[in-house]
Undergrad: 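Could you have a look at this structure, given as structure tokens, before my questions?
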Number of protein chains: 2
Amino acid sequence: MEYIPIAIVDDHTLMSKALENMIMEDAKYKVVMNNANGEDFIQALSNANELPQVVLMDINMPYKNGIETTQWLSERFPEIKVIALTMEDDEQVIIKMLKAGAKGYLLKDMQPYLFFQAIENVINKGSFYTDFVTQKLLKIKIEDMKSSSIISELKEREKEFIKWACSELTYKEIADKMCLSPKTVDGYRDAVFIKLEVKSRVGLVLFALKYGLE
Amino acid sequence: MEYIPIAIVDDHTLMSKALENMIMEDAKYKVVMNNANGEDFIQALSNANELPQVVLMDINMPYKNGIETTQWLSERFPEIKVIALTMEDDEQVIIKMLKAGAKGYLLKDMQPYLFFQAIENVINKGSFYTDFVTQKLLKIKIEDMKSSSIISELKEREKEFIKWACSELTYKEIADKMCLSPKTVDGYRDAVFIKLEVKSRVGLVLFALKYGLE
DNA sequence: TTAAAAAACAGGATTTTTCCCCTTTTAGAA
DNA sequence: TTCTAAAAGGGGAAAAATCCTGTTTTTTAA
């Protein structure tokens, strides 16, 4: 193969066009596909006469986001390597993207030389992880482990109760909404208070909003 | 002048380099400066032998962000037009940026042809506002006007009470913290409930967190 | 089928919150 | 100085929340 075929999936049209131009400057690479979202990309892939070897995938996109698209791609075209290329530096998002099958995770503020290095590494070694990603993953381990373990031990019905608790409804009204006796709701509250280590409904709401449980 | 000198200020190095390449393809434009943050840009500007006519300014940057940098630039070099080029679509941020003196506001997902049109408009007509920005500003007028007027009628002591209410402290404990009688705190609560149009402390906390009062 | 676990429910007491309507004190303007 | 508005404080009661200690029902697994 005389060049490496690359696909770009990014709804930031201006950026993706500019990126395509930059890549095309090096004859070693060729942008064979450039789509604005996962939906378009998947559609275009079935009609493509040349499959990309590497896909540069944004995460926040309309119709089909980067995580879903990567998941789809990993199942059907495992030989195509996905590199996440995004501004998203949220730990949870990074994890989801890597779980979906991304072989690399690049932030858009990186140096261009590192960018080409990433493409080479993904092709030759199978993956490319920057120190940044490593740091982030480490951070999750030491910082968010507690809260995520707390959240994971919540039962479905308890999570539902938490959502209702993040409102101006009284417990009696919440019981109605959940089709339960007020006393059962009392029980949920007691259990959730203990699990989340809070002392009042306000503490519960504060926790829920901090960790997106609302 | 045989070309339009342009400056790029963006910490997303990969993107800004790619953007620079794209702009350079048209001999009508020339990227004379490319800096990763406001601090660097201001520094470089004082040593520059050619001033840019248009500055493409990102907002979220380390050291000196786009809003501060635009403010600085508007005061000292009012002839240099700033176009915000960012992913930030938060209403408040748009307002701040326009207040700081930006003549245009572009999102990075725009079409390239519109991008060049924006540069031309800013130079020839002085400004360029997309429908998007207009929509957003309109939205603020009709949606956020209420909440901001609500917030503005809160007294200092009431705002302080709200901060304390966003905790697991009881009102008695809050009274201690604020060096007031519990009954006075009762009064603050009643007043705040009416102003914020909430029915319970949970509603108060929800409002405070939504509008950053906590 | 049966024992164990989880979910639902309950009585009752205390504390906290919420909601009235009211008085005193303080600060600032006329 | 005096009037007035704002801030601070209060009594009392109803509603809601919290915290116990239980029981009954349903699910699950052996």
Undergrad: Give every pair of a protein N or O atom and an N or O atom of nucleotides 12-17 of chain C that lie under 3.5 Å apart, one pair per line with the distance.
TA:
{"unit_1": "C:dG12", "atom_1": "O6", "unit_2": "A:Lys183", "atom_2": "NZ", "d": "2.7"}
{"unit_1": "C:dT17", "atom_1": "OP1", "unit_2": "B:Arg201", "atom_2": "NH1", "d": "3.0"}
{"unit_1": "C:dT17", "atom_1": "OP2", "unit_2": "B:Tyr171", "atom_2": "N", "d": "3.0"}

Undergrad: Give the C-alpha distance, both sets of side-chain angles, the deciding distance and a yes or no for side chain to side chain contact (heavy atoms under 4.5 Å, CB included) between A:Tyr105 and A:Ile59.
TA: CA-CA 11 Å; A:Tyr105 199 103; A:Ile59 295 181; 3.4 Å; yes
Undergrad: For a quick test of reading the model, state the closest non-hydrogen atom pair linking A:Met22 to A:Phe115 and the distance between them.
TA: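 So the two residues come closest at CE-CD2, 4.1 Å.
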Undergrad: Can you check the B:Leu204 CG to D:dA16 P distance for me, whole Å?
TA: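 Rounding to the nearest Å, CG of B:Leu204 and P of D:dA16 are 18 Å apart.
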Undergrad: Considering just the side-chain nitrogens and oxygens of A:Lys155, establish if one lies under 4.0 Å of OP1 or OP2 belonging to C:dA6.
TA: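 No, A:Lys155 has no side-chain N/O under 4.0 Å of OP1/OP2 on C:dA6.
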Undergrad: Output a table of nitrogen or oxygen pairs between the protein and nucleotides 21-23 of chain D separated by less than 3.5 Å.
TA:
none

Undergrad: Can you sort out the partners of B:Lys163 under side chain to side chain contact (heavy atoms under 4.5 Å, CB included), two or more places apart, ordered by chain and number?
TA: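 Partners of B:Lys163 under the side chain to side chain contact (heavy atoms under 4.5 Å, CB included) test: none.
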Undergrad: Parallel, tilted or perpendicular: which one describes the rings of A:Phe77 and A:Trp72, with boundaries at 30° and 60°?
TA: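 The rings of A:Phe77 and A:Trp72 sit tilted, inter-plane angle from 30° to 60°.
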Undergrad: Atom pairs, N/O to N/O, protein against nucleotides 23-28 of chain C, distance under 3.5 Å?
TA:
none

Undergrad: Quickly, which of B:Val82, B:Thr86, B:Leu19 forms a side chain to side chain contact (heavy atoms under 4.5 Å, CB included) with B:Leu56? Name it, please.
TA: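 Of the listed options, the one satisfying the test is B:Leu19.
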Undergrad: Please state how far atom CD in A:Glu168 lies from atom P in D:dA15, giving the value in whole angstrom units.
TA: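 Taking CD of A:Glu168 and P of D:dA15, I get 19 Å after rounding.
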Undergrad: B:Leu45 and side chain to side chain contact (heavy atoms under 4.5 Å, CB included): which partner among B:Asn35, B:Leu51, B:Val9?
TA: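 For B:Leu45, the side chain to side chain contact (heavy atoms under 4.5 Å, CB included) check succeeds only for B:Leu51.
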Undergrad: Could you give the CG-to-P distance, from A:Leu196 to D:dT18, as a whole number of Å?
TA: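 Nearest whole value for this atom pair: 13 Å.
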Undergrad: Under 3.5 Å, is there a donor-acceptor pair between the side chain of B:Arg157 and the main chain of B:Met178?
TA: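 Flag set: sc B:Arg157 to bb B:Met178 pair under 3.5 Å.
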Undergrad: By the salt bridge (charged side-chain N to carboxylate O under 4.0 Å, His left out) test, which pairs, at least two apart or in different chains, include something from residues 62-87 of chain B?
TA: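 Not a single pair qualifies under salt bridge (charged side-chain N to carboxylate O under 4.0 Å, His left out).
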Undergrad: Please give, in whole Å, the distance from D:dA15 C1' to B:Lys199 NZ?
TA: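 Rounded to the whole Å, the gap is 14 Å.
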Undergrad: Using a strict 4.0 Å threshold on nitrogen-to-oxygen distance, state whether A:Lys108 and B:Asp58 make a salt bridge.
TA: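 No, no charged N to carboxylate O under 4.0 Å.
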Undergrad: Can you name the side chain to side chain donor-acceptor pair (under 3.5 Å) partners of A:Gln117, sequence neighbours left out?
TA: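 For A:Gln117, no residue satisfies side chain to side chain donor-acceptor pair (under 3.5 Å) once neighbours in sequence are set aside.
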Undergrad: Taking B:Glu168 for its side chain and A:Lys199 for its backbone only, find out whether a donor-acceptor pair lies under 3.5 Å.
TA: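 Indeed, once roles are kept as given, a pair shorter than 3.5 Å links the two residues.
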